[in-house]
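Residues take their numbers from the sequence shown, with the count starting at 1.
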Amino acid sequence: MTSNGQVLLLAFSAIFCATAPLLSADPGPHGVRYPDGRKYMGALRNGAFHGRGRVVWPDGSEYRGDFFLGHPHGRGLYHHPDGRRRMVVHDKGRLVEGRIISNDILLDGARYGSFTQNGSYTGWFRGDRVRGFVPHGRGVMKYENGSVYSGQWRDGRMHGNGAMRWEDGSRYSGNWVHGKREGYGSYHWPWGDSYVGGWKDNRMHGQGTYRYQDGRTVKGFWKDTTVVACGQGATTGE
């Protein structure tokens, strides 16, 4: 294996190394979410990933395969945010093989490629030159104003997990529903403030933490841009 190949394997392996305590359960059996925004859906043993499962990261990347006591094990498929797919083989958490597989197929009626329309897009998309093209699946859109979105799409709108960086330097990574921030995600303002927690209709909504650039934090249950008590309680601190 080439040195470049070894670097790729090590970099890929590192995404599984970070561990964090359980934050909340996702809807449905055996669904868990972690503070860094990862979601796991699949079989568990004593609280650890074990058996068939999938992990989805806030930027839209995803791994599907088998796990052994918390570690990826055996063959699996890794989806990059830009739509590329990598077949991988793990041995109890150690990545031993990884190769890009062809995207010369149709997935959910979409094909992989690039087009220019309101910006430059690379990834999975539907449509034709007559009707126009719309992102559908995973891909990266570089807008004409300098904003960039990388992650999951549905019928031309951000839908699923993905990361957006706007032209003013603000950025968001997490869940989207029909083009709007909704679910769990993190937002960073260009002046240094940040918020991590629930969203609804592009607004902070639900349990979350707002951190000011000077280190102060506000934790509680949010509705729109205001933290409310509602039995949840709000706390501030350094």
Which value, rounded to the nearest 0.5 Å, describes the distance between [X] atom [atom1] and [Y] atom [atom2]?
| X | Y | atom1 | atom2 | value |
| --- | --- | --- | --- | --- |
| Phe49 | Asp66 | CZ | CG | 13.5 Å |
| His79 | Arg86 | NE2 | CZ | 12.5 Å |
| Glu144 | Thr116 | CD | OG1 | 9.0 Å |
| Arg33 | Tyr40 | CZ | OH | 15.5 Å |
| Phe133 | Tyr121 | CZ | OH | 12.0 Å |
| Gln117 | Arg129 | CD | CZ | 10.5 Å |

Any side-chain heavy-atom pair from His80 and Ile100 closer than 4.5 angstrom?
->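 Side chain of His80 against side chain of Ile100, heavy atoms only: contact under 4.5 Å found.
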Side chains of Trp57 and Arg38 in contact at under 4.5 Å (non-hydrogen atoms) =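 Yes, their side chains come closer than 4.5 Å.
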Are Leu44 and Tyr34 connected, step by step, through hydrophobic side chains (Ile, Leu, Val, Met, Phe, Trp, Tyr) whose heavy atoms are closer than 4.5 Å?
->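 In one cluster with Leu44: Tyr34, yes.
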Please answer: with hydrophobic residues joined when any side-chain heavy atoms are less than 4.5 Å apart, are Tyr149 and Phe115 in the same cluster?
->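 They do share one cluster, since a chain of ILVMFWY contacts under 4.5 Å joins Tyr149 to Phe115.
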Salt bridge (charged side-chain N to carboxylate O under 4.0 Å, His left out): pairs with one or both residues in [range], sequence neighbours excluded:
| range | result |
| --- | --- |
| residues 177-204 | Lys180-Asp201 |
| residues 152-172 | Arg126-Asp155 |
| residues 54-63 | Arg54-Glu62, Glu62-Arg64, Glu62-Arg138 |

Do the side chain of [X] and the main chain of [Y] share a donor and acceptor less than 3.5 angstrom apart?
| X | Y | answer |
| --- | --- | --- |
| His90 | His73 | no |
| His159 | His178 | yes |
| Asp128 | Arg131 | yes |

Please test Val218 against Thr209 for side-chain contact (heavy atoms from CB on, under 4.5 Å), starting from the C-alpha separation and ending with a verdict.
-> CA-CA 6 Å; Val218 178; Thr209 299; over 6 Å; no
Got a sec, which residues hit side-chain contact (heavy atoms from CB on, under 4.5 Å) with Asn46, two or more places apart in sequence or on another chain?
->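 Scan of Asn46 (side-chain contact (heavy atoms from CB on, under 4.5 Å), adjacent residues dropped) gives none.
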Using side-chain contact (heavy atoms from CB on, under 4.5 Å) as the criterion, list what pairs up with Asn161, not counting sequence neighbours.
-> Lys39, Val56, Gln152, Asn175
Applying ring pair (Phe, Tyr, Trp, His ring centres under 6.0 Å), run through Tyr172 and Trp189 and close with a yes or a no.
-> CA-CA 9 Å; Tyr172 171 84; Trp189 282 267; over 10 Å; no
Taking only residues two or more places apart in sequence or in another chain, which ones pass ring pair (Phe, Tyr, Trp, His ring centres under 6.0 Å) with Trp222?
->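 Checked Trp222 against ring pair (Phe, Tyr, Trp, His ring centres under 6.0 Å); matches are Tyr195.
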Contacts of Tyr143 that satisfy ring pair (Phe, Tyr, Trp, His ring centres under 6.0 Å) - sequence neighbours left out =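 Applying ring pair (Phe, Tyr, Trp, His ring centres under 6.0 Å) to Tyr143 gives none.
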Might you point out which heavy atoms bring [X] and [Y] nearest each other, and give the distance in Å?
| X | Y | value |
| --- | --- | --- |
| Trp153 | Pro135 | CD2-CB, 3.4 Å |
| Ala48 | Gly70 | CB-N, 3.9 Å |
| Ser147 | Trp166 | OG-CA, 3.4 Å |
| Tyr184 | Gly37 | CE2-CA, 3.7 Å |
| Trp199 | Ser186 | NE1-N, 4.4 Å |

Taking transitive links into account, so neighbours of neighbours count too, which hydrophobic residues share a cluster with [X] at under 4.5 Å side-chain distance?
| X | answer |
| --- | --- |
| Ile101 | Leu77, Met87 |
| Leu107 | Ile105, Tyr112, Trp124 |
| Leu69 | Phe68 |

Listed partners of Arg75 passing side-chain hydrogen bond (donor to acceptor under 3.5 Å, both in side chains), at least two apart =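 So Arg75 forms no side-chain hydrogen bond (donor to acceptor under 3.5 Å, both in side chains) with any residue.
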Answer yes or no: does atom CZ of Arg52 have more than 12 heavy-atom neighbours from other residues, nucleotides or ligands under 6.0 Å?
->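 Yes - once you tally the heavy atoms of other residues, nucleotides and ligands closer than 6.0 Å, there are more than 12.
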Flag for Asn103-Arg85: side-chain donor and acceptor within less than 3.5 Å |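 Yes, Asn103 and Arg85 have a side-chain donor paired with an acceptor closer than 3.5 Å.
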Are a donor atom and an acceptor atom from the side chains of Ser114 and Thr122 found within less than 3.5 Å of each other?
-> yes
Sorted by chain and residue number, the salt bridge (charged side-chain N to carboxylate O under 4.0 Å, His left out) partners of Arg111 (sequence neighbours excluded) come out as none
Start with the C-alpha gap between Trp191 and Tyr212, add the side-chain angles, then the distance that decides, and say whether side-chain contact (heavy atoms from CB on, under 4.5 Å) holds.
-> CA-CA 9 Å; Trp191 54 84; Tyr212 292 90; over 6 Å; no
List the steps, then state whether side-chain contact (heavy atoms from CB on, under 4.5 Å) holds for Ser194 with Tyr210.
-> CA-CA 6 Å; Ser194 63; Tyr210 190 100; over 6 Å; no
Would you sort out whether Phe67 and Val55 count as a side-chain contact (heavy atoms from CB on, under 4.5 Å), showing the intermediate values?
-> CA-CA 11 Å; Phe67 292 85; Val55 178; 3.8 Å; yes
